[in-house]
Amino acid sequence: MSDALIFEIAAIVILLAVFLVLYRTIVGPRLYDRALGANVMGTKTVVLLALIGFIYARPDFLDIALVYALINFIATLAILKYRETWGLD
Amino acid sequence: MEIKTIITAILLAVGCFFMVVAAIGVVRFPDFFARLHPCGKGDTLGQALVILGLMVYEGFTLVSVKLLIIMLFIFLANPTSAHFIAKAGYVAGVKSVDEELEEECAHASSLACGSSTDKKVSGVDSAS
Amino acid sequence: MSFILTFLLMFAFWMLLSGHFDFILVTLGVISSLLVAYWSHDLIFGKVNFGQGLMRILRLIRYLPWLLWQIVLANFHLVYLTLHPKMPIEPAFLTIKTDFKTDMGVAIFANSITLTPGTVTLEAGRKQFVVHAISKYTAEGLLSGDMEARVKEIEGQ
């Protein structure tokens, strides 16, 4: 089917972008660069999950994408807050 | 090919382009604060366009409303988390890359330091 | 009042996400919405003032098209900077004096700065903002105070 092919190409392109950002997450000289890379990777992963849901025609993946978006936001805040105060209070 | 599929393909292509450019920007910019710009802007518009394309493909259903909720949430959350990373780095006193290299050179005499000074000298030579 | 509004919002959100109308699922939704509304009814609707809130939402909707256009411009500027071989950036830190009356104005202004071309918010407050600009040309657009006037128009009074 040509329709699923569009989504597959888009998913592969976004996966390549995630690998590009992985370089910054591994190499990044400071913790803040790594947190930035992890945040960008998380945003791309949400889009990737939505695309996977469309490739396999299973809308359940959208729930996972929504929860992943929430967790990604909270995780970035938690990492930086822990770094700043060495505690999560 | 329906007209709906063509619109979806165009939106997905443009959105993927912006997301790849954001990834290249995060890797390529030399400075921590400059890297925040692709994180806050490129990803926001890229994901909005890709999810808009999926919404056009799906039509007006419950799935479409879920996609809209995801898009609006990332639209609000992405600039906020970029601002949070920026503030954490700014408060912790992150400097630009050049200043940091100079400080390291003043303190230690490592191999990396020598190569960076070599680069600077060669840069001056080529300029003159 | 805020309790009922929060409950209705949470229940509508539950129904949107589940999409089923079984007895057991609707009952679970009512129970969890009641619990959320009981614990955190003062978070979303603090002190409800209907007329003012509605006017602000309407003015926010009128502000959105301009913001979307700015986001598109920002992305093309970013593409130019990223794909340019020499990467013509000259970073600068700016301090902007403002006087916002509401936290909502501060939040909208901070997110708008991050989304418009070439600037990222570093510190936000009612009195002053610290902004990182990626080139001098984009910094001038922010210092002219056009966006601040628009956000103050949303705040009203």
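Predicted model only: the values in this text are computed from it and were never measured. Residue numbers start from 1 in every chain, and the chains themselves are labelled A, B, ... in the order their sequence lines are given, proteins ahead of strands.
For chain A, the nearby part of B/I74 is the side chain; its heavy atoms alone come within less than 4.5 Å. Looking at B/V50, the atoms closer than 4.5 Å to chain A (heavy atoms on both sides) all sit in the side chain, from C-beta outward. Contacts between A/V47 and chain B at a heavy-atom distance below 4.5 Å involve the side chain alone, from C-beta outward. For B/I85, the parts lying near chain A are the backbone and the side chain together; criterion is any non-hydrogen pair under 4.5 Å. In this structure, chain A has a heavy atom under 4.5 Å from the side chain of B/T8, while its backbone stays farther away. Contacts between B/F29 and chain A at a heavy-atom distance below 4.5 Å involve the backbone alone (N, CA, C, O). Contact of B/Y57 with chain A is made through the side chain alone, with heavy-atom distances under 4.5 Å. With a threshold of 4.5 angstrom between heavy atoms, A/L31 does not approach chain B through any atom at all.
Heavy-atom pairs under 4.5 Å with chain A peak, among B/I69, B/V91, B/I51, B/L67, at B/L67. The choice from A/V27, A/L36, A/L20 that makes the most heavy-atom pairs within less than 4.5 Å of chain B is A/L36. Your options are B/T44, B/V63, B/L54, and the one with the most heavy-atom pairs under 4.5 Å with chain A is B/L54. In terms of heavy-atom pairs under 4.5 angstrom with chain B, the leader among A/I14, A/N39, A/N72 is A/N39.
Distance check: A/Y32 OH to B/F33 CZ gives 10.0 Å after rounding to the nearest 0.5 Å. Note that OG of B/S81 is 11.0 Å distant from CD1 of A/I79, once rounded to the nearest 0.5 Å. To the nearest 0.5 Å, the span separating CG on A/L80 from NZ on B/K87 amounts to 11.5 Å. In this structure, B/T5 OG1 and A/L5 CG are separated by 12.0 Å, a value rounded to the nearest 0.5 Å. In this structure, SG in B/C16 is found 10.5 Å from CD1 in A/I12, a value given to the nearest 0.5 Å.
Of all the heavy atoms in B/A22 and A/K44, the pair that sits closest is CB-NZ, 4.3 Å.
In this structure, A/F7 and B/L12 have side chains that are in contact, with non-hydrogen atoms separated by less than 4.5 Å. Side-chain contact between B/K66 and A/L66: absent, with no pair of heavy atoms (C-beta onward) separated by less than 4.5 Å. The side-chain heavy atoms of A/T76 and B/F84, taken from C-beta on, include no pair separated by under 4.5 Å.
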Any chance you could lay out the side-chain contact (heavy atoms from CB on, under 4.5 Å) test for B/V20 and A/V13, step after step, and finish with the verdict? CA-CA 8 Å; B/V20 170; A/V13 170; 3.5 Å; yes
Show your reasoning for whether side-chain contact (heavy atoms from CB on, under 4.5 Å) applies to B/Q47 and A/V46. CA-CA 9 Å; B/Q47 63 88 17; A/V46 173; over 6 Å; no
